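Throughout, protein chains are lettered first and strands after them, A, B, ... in sequence-line order, and every chain is numbered starting at 1. Everything numeric in this text was worked out from a predicted model, so none of it was measured.
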Amino acid sequence: MSRLSRDFFARDTLTVARELLGQRLVRVLDGERLSGRIVEVEAYIGEDDRASHAHCGPTGRNAPMFGPPGYAYVYFIYGMHHCFNVVTERENYPAAVLIRALEPLQGIEAMRARRDGVPNLRLTSGPARLCQALGIDRLFDGADLCAPDALLFIEQDAGVPDDAAATGSRVGVRGNAAALTAPWRFYIRGSRHVSRQ
DNA sequence: GGATCGATCGGCT
DNA sequence: GCCGATCGATCCG
């Protein structure tokens with residue numbers, strides 16, 4: 001299995017988001033491979049996107065979004081949850097893809113142990129759930145997913161055909177501005193592992 | 001199955 | 001001070 005290169009991420013964010021469906025997120029934890037098939041993502045694009053953490057310009061928190069592509073942006077929210085994004089496009093243009101849900105593939109027992117024994121369908125079906133299952137926390141904020149020794153990276157897998165890719169508005173995003181109603185959520189049609197049907 | 005509500009704290013204004 | 005790219009428990013049907 002080959003890893004996705006920086007060139008993959010250095011493209012239009014909607015293209016990256018769409019093509020991430022069906023790829024494999026891998027976390028090496030205590031020498032074990034924990035992995036899952038990406039089944040749901042959301043794109044956050046530019047400072048004009050008012051749903052993006054970058055919409056007020058660069059801050060200490062969102063700095064990785066303004067950095068080069070292929071790096072992680074991990075943030076802490078609601079006082080108890082982590083969410084994982086992959087930075088896209090070019091340096092100094094803030095854009096990223098939020099990984100929202102996986103279908104567990106490898107290391108399922110280890111994931112379940114980290115998630116207090118919840119059933120398989122809930123193990124990684126949510127942005128904070130998958131971070132808990134894979135042990136992704138703020139230590140990965142700014143980590144290079146393309147580094148040879150990375151403990152978190154994305155492997156090329158089968159992908160999905162266009163008729164299996166569905167779109168919709170982003171979860172938790174409301175408002176009338178064009179960017180807020182844009183169909184920037186992508187998910188695999190019919191997957192039981194997406195966070196919302 | 002779906003709706004509602006409380007938990008809990010870092011980052012920003 | 002305020003609020004959030006959420007989750008899980010609990011309620012209802």
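- For the salt bridge (charged side-chain N to carboxylate O under 4.0 Å, His left out) condition, no pair includes a residue of residues 62-91 of chain A, sequence neighbours left out.
- Put simply, the side chain of A/Asp12 gets close to the backbone of A/Thr15: a donor and an acceptor are under 3.5 Å apart.
- Each side chain to side chain donor-acceptor pair (under 3.5 Å) pair with one or both residues in residues 63-85 of chain A, not counting sequence neighbours, appears once here: A/His53-A/Tyr73.
- Of the possible polar contacts, none joining the A/Gln23 side chain to the A/Ile38 backbone as a donor-acceptor pair under 3.5 Å is found.
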DNA chain B in dot-bracket, Watson-Crick or G-U pairs under 3.5 Å, [ ] crossing, | other strand?
|||||||.||||.
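- A/Gln156 contributes no side-chain N or O that, together with a main-chain N or O of A/Arg3, makes up a donor-acceptor pair within less than 3.5 Å.
- Map A/Val173 and A/Gln132 each onto its nearest nucleotide of DNA chain C; the residue landing nearer the 5' end is A/Val173.
- Residues meeting the side-chain hydrogen bond (donor to acceptor under 3.5 Å, both in side chains) test with A/Asp162, sequence neighbours left out: A/Arg18.
- With sequence neighbours excluded, the residues forming a side chain to side chain contact (heavy atoms under 4.5 Å, CB included) with A/Thr167 are A/Pro183, A/Phe186, listed by chain and number.
- Across all strands shown, A/Ala51 has heavy atoms under 4.0 Å from base atoms, whether or not it also approaches the sugar-phosphate.
- At the heavy-atom level, A/Arg61 lies under 4.0 Å from the strands shown only through sugar-phosphate atoms.
- When atom types are taken as modelled, the side chain of A/Arg114 and the backbone of A/Gln132 share a donor-acceptor pair closer than 3.5 angstrom.
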Under-3.5 Å N/O pairs linking protein and nucleotides 7-10 of chain B:
{"residue": "B/dT8", "atom": "O2", "partner": "A/Tyr78", "partner atom": "O", "Å": "2.9"}

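- Contacts of A/Glu47 classified as side-chain hydrogen bond (donor to acceptor under 3.5 Å, both in side chains), with partners at least two apart in sequence or in another chain: none.
- Under the side-chain hydrogen bond (donor to acceptor under 3.5 Å, both in side chains) criterion, A/Ser125 pairs with A/Arg129, sequence neighbours left out.
- Within the structure, side chain to side chain donor-acceptor pair (under 3.5 Å) pairs that include any residue of residues 32-44 of chain A comprise A/Arg24-A/Ser35, A/Arg33-A/Gln106, A/Arg33-A/Glu155, A/Ser35-A/Gln106, A/Arg37-A/Glu103, A/Glu40-A/Arg100, A/Glu40-A/Arg185, A/Glu40-A/Ser195, A/Glu42-A/Tyr44 (at least two apart or interchain).
- By the side-chain hydrogen bond (donor to acceptor under 3.5 Å, both in side chains) test, A/Asp137 is found to be paired with no residue, residues two or more places apart in sequence or in another chain being considered.
- First and last contacting nucleotides of DNA chain C toward chain A (any atom under 4.0 angstrom from a heavy atom, 5' to 3' order): C/dG4 to C/dG8.
- Less than 4.0 Å separates DNA chain B from no heavy atom of any residue of residues 93-126 of chain A.
- A/Arg27 contributes a side-chain N or O that, together with a main-chain N or O of A/Gly135, makes up a donor-acceptor pair within less than 3.5 Å.
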